[in-house]
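What follows is a short report on a single structure.
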Protein chains: 2
Amino acid sequence: MASATLQLIDTLRQHGYSNTRVRRMVFELVQQHDRLTPTEIYTALSDHIDRASVYRTIDLFEQLGIIQRLYSGWKYVLELSDNYSDHHHHISCQTCHKVVTLTAKQQLEDAIHSLAQSAGFSATGHQLEIRGICLDCQQGQSTSYQT
Amino acid sequence: MASATLQLIDTLRQHGYSNTRVRRMVFELVQQHDRLTPTEIYTALSDHIDRASVYRTIDLFEQLGIIQRLYSGWKYVLELSDNYSDHHHHISCQTCHKVVTLTAKQQLEDAIHSLAQSAGFSATGHQLEIRGICLDCQQGQSTSYQT
DNA sequence: CAAAAATTGCGACAAATTTGCATTAAACGT
DNA sequence: ACGTTTAATGCAAATTTGTCGCAATTTTTG
């Protein structure tokens, strides 16, 4: 079994939750296809999992810090939180809706942590979503919208 | 009339949209009470405005860059974009859901712009949402959840 | 102020999310 | 491994949220 799944099972146990087929399936789907909506998760797994279970699982995963919700570009999506995937940020093009994943620079990460500290918080995570215009669209070469 | 409202009217006209009662009411509500959900906006204005108009207005305002959507802490909310309010970020407590508004430091802002540039984007805006644990909760003094 | 254009309200609809409860699966102790 | 206990799931219904077409109203334009 993949190590991330073992980590999931461990987190579930630590908080007193069962290691179930539904939870493993949702987790592995989100792991393979980042930036999914609840409906997309349900559609992908509807042969095996009920709609209500998808929502209950998402809620639990968010509570446990396994996934995080974010409004990225133009829609709400889910992705694995930093504990389960490499920390990153997104920039999306206002014009063509293209989304690019960015690796954060240490300087930026440090600045964020120090900002949190100045408010008395111990930071556990963050999301940064940048909006802008991509090179293609700056040059008027955009042809299609990403869906 | 307040200057922000004049700015709204100007933006609407520049893009060929009418200056209507509905748009002014939604704008002024969002201005006064930041971090509202669409339903909260509708509830506050339901005596005067139809549900469909609320959604249509939100969509238009987002298109025009007047408001932005974000997932802050534990729910999706709307707030005025930077052109209509002071640029800021949020940090929310994982435990008690308290939200604190943070004034960004220039160093951080610069780092974000340079990150965008490295991907070939010209950045037009960004959202930073930090999660953490507030001082009260670190000391085990939290008593209630913010709603 | 009248005509044209855009916006809104309304009602019906569609999609998304939540809930209670019977059934099934997982965890636990032996 | 097996039966018991506890937790999770499926199912069906209800609720909530968001969308659409069109007639009525408001705003803009000349």
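Just so it is clear: chains get the letters A, B, ... in the order the sequence lines come, proteins before strands, and each one is counted from 1.
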Next item on the list: To the nearest Å, give me how far apart CG (B:D59) and P (C:dT8) are.
Entry: 12 Å

Margin query: Let me confirm one number: the NE2-CG distance from A:H33 to A:L78, rounded to the nearest 0.5 Å.
Written below: 14.0 Å

Next item on the list: Using the side chain to side chain donor-acceptor pair (under 3.5 Å) rule, pick out the option among A:Q127, A:E129, A:E109 that qualifies with A:H89.
Entry: A:E109

Next item on the list: Would you please test A:H87 and A:H126 for ring-ring contact (aromatic ring centres under 6.0 Å, His included) and show each step?
Entry: CA-CA 9 Å; A:H87 179 61; A:H126 61 266; 4.6 Å; yes

Notebook entry, point to check: Could you give the CG-to-P distance, from B:L12 to C:dA6, as a whole number of Å?
Noted result: 14 Å

Check: Would you say the side-chain atoms of B:T5 and B:E28 include a donor-acceptor pair closer than 3.5 Å?
Finding: yes

Item checked: B:M25 CE to C:dT8 P, straight-line distance once rounded to whole Å -> 12 Å

Checklist line | N or O in side chain of B:R23 less than 4.0 angstrom from C:dT7 OP1/OP2 | finding: yes

Which atom pairs, donor and acceptor, lie under 3.5 Å between side-chain atoms of residues 38-48 of chain A and protein residues at least two apart or in another chain?
unit_1, atom_1, unit_2, atom_2, d
A:E40, OE1, A:T37, N, 2.8
A:E40, OE1, A:T37, OG1, 3.4
A:T43, OG1, A:T39, O, 2.8
A:S46, OG, A:T43, O, 3.3

Note to self: Using whole Å, what does the distance between atom C1' of nucleotide C:dA25 and atom CD1 of A:I9 come to?
What the structure shows: 15 Å

Notebook entry, point to check: Between atom OG1 of B:T101 and atom CD of B:E79, what is the distance when rounded to the nearest 0.5 Å?
Noted result: 8.0 Å

Note to self: Tell me which residues in residues 45-55 of chain A lie within less than 4.0 Å of DNA chain C, going by non-hydrogen atoms.
What the structure shows: A:R51, A:A52, A:Y55

Checklist line | For atom CZ of A:R69 and atom C1' of C:dA16, their distance in whole Å | finding: 12 Å

Notebook entry, point to check: Hey, mind stepping through A:S114 and B:K105 against side chain to side chain contact (heavy atoms under 4.5 Å, CB included) and telling me if it holds?
Noted result: CA-CA 10 Å; A:S114 109; B:K105 286 180 291 193; 2.7 Å; yes

Report each atom pair, protein N/O against N/O of nucleotides 28-30 of chain D, whose distance is under 3.5 angstrom.
unit_1, atom_1, unit_2, atom_2, d
D:dT28, OP1, B:N19, N, 3.0

Next item on the list: Would you tell me whether A:Q63 and A:D59 have side-chain atoms, one donor and one acceptor, within less than 3.5 Å of each other?
Entry: no

Check: Roughly, in whole Å, what's the span from CD1 in A:I58 to P in D:dA8?
Finding: 17 Å

Next item on the list: Measure from CZ on A:R56 to P on C:dC21 and round the result to the nearest Å.
Entry: 14 Å

Margin query: Quick one about B:N19 and B:R24 (side-chain donor to acceptor, distance below 3.5 Å, no hydrogens or angles considered), yes or no?
Written below: yes

Notebook entry, point to check: Tell me: NZ of B:K75 to P of D:dT16, nearest whole Å?
Noted result: 17 Å

Note to self: Looking at C:dG9, I'd like to know if its phosphate oxygens (OP1 or OP2) sit under 4.0 Å from a side-chain N or O belonging to B:R21.
What the structure shows: yes

